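Just so it is clear, the model here is predicted, and its values are computed rather than measured. Index from 1, following the sequence.
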Amino acid sequence: QVQMVESGGGSVQAGGSLRLSCVASGLACSGYAAGWFRQAPGKEREFVAAMYRDGDTRFYTDSVKGRFTISRDNAKSTLYLQMNNLNVEDTAVYYCHAAQGLEGGRNFYGLSYWGKGTLVTVSS
């Protein structure tokens with residue numbers, strides 16, 4: 001059974017940093033593209049960042065470029081999201097996602113899996 005478990009969320013003040021982690025079990029991570037999505041209160045889930053299986057190419061939504069960094073350690077079956085210079089608009093539940101394919105930098109396809117999310121709250 002595949003499980004993806006996020007951690008690292010919490011409450012920070014604007015300008016602060018957090019590092020999210022997502023550990024996958026029952027999944028050969030090296031065979032999957034991976035990414036992060038988030039859902040703010042009252043809004044739809046949105047794309048944040050993604051990377052191909054090889055880890056060499058990364059994609060970000062415009063609002064987080066230069067502040068967030070996605071990375072992965074396939075040996076540890078772990079996906080990361082380093083978030084710096086956080087602002088109030090980053091407040092959301094963050095979800096990790098893995099799928100067989102990635103197209104156009106943000107469109108995942110094929111067999112896929114989601115974590116249950118971790119809450120990030122940024123206060124002014």
Polar side-chain atom of [X] near backbone of [Y] as donor-acceptor pair, under 3.5 Å:
X	Y	result
S112	A99	no
Q82	I70	no
T78	K76	yes
N107	G104	no
Q100	L111	yes

Taking all non-hydrogen atoms of both residues into account, name the closest pair between [X] and [Y] and its distance.
X	Y	value
L27	A98	CD2-CB, 4.1 Å
R58	S71	NH1-CB, 4.3 Å
T118	G9	OG1-N, 3.2 Å
N85	R67	O-NH1, 2.9 Å
E6	C96	OE2-N, 2.9 Å
P41	T91	CD-O, 4.2 Å

- Task: Examine Y80 and Y60 and state if one hydrophobic cluster contains both, with Ile, Leu, Val, Met, Phe, Trp and Tyr joined whenever side-chain heavy atoms are less than 4.5 Å apart.
- Result: no
- Query: Do the side chains of V64 and L79 join up, straight or via other hydrophobic residues, at under 4.5 Å, putting them in one cluster?
  - Reply: yes
Can we call the ring centroids of [X] and [Y] under 6.0 Å apart?
X	Y	result
Y95	F37	no
Y52	F59	yes
Y113	H97	no

- Residue pair V122 / Q13, side-chain heavy-atom distance below 4.5 Å: no
- Quick one: do E46 and R38 make a salt bridge, cutoff under 4.0 Å? yes
- Query: Does anything in residues 27-72 pair up under disulfide (SG to SG under 2.5 Å), and if so which pairs, sequence neighbours excluded?
  - Reply: none
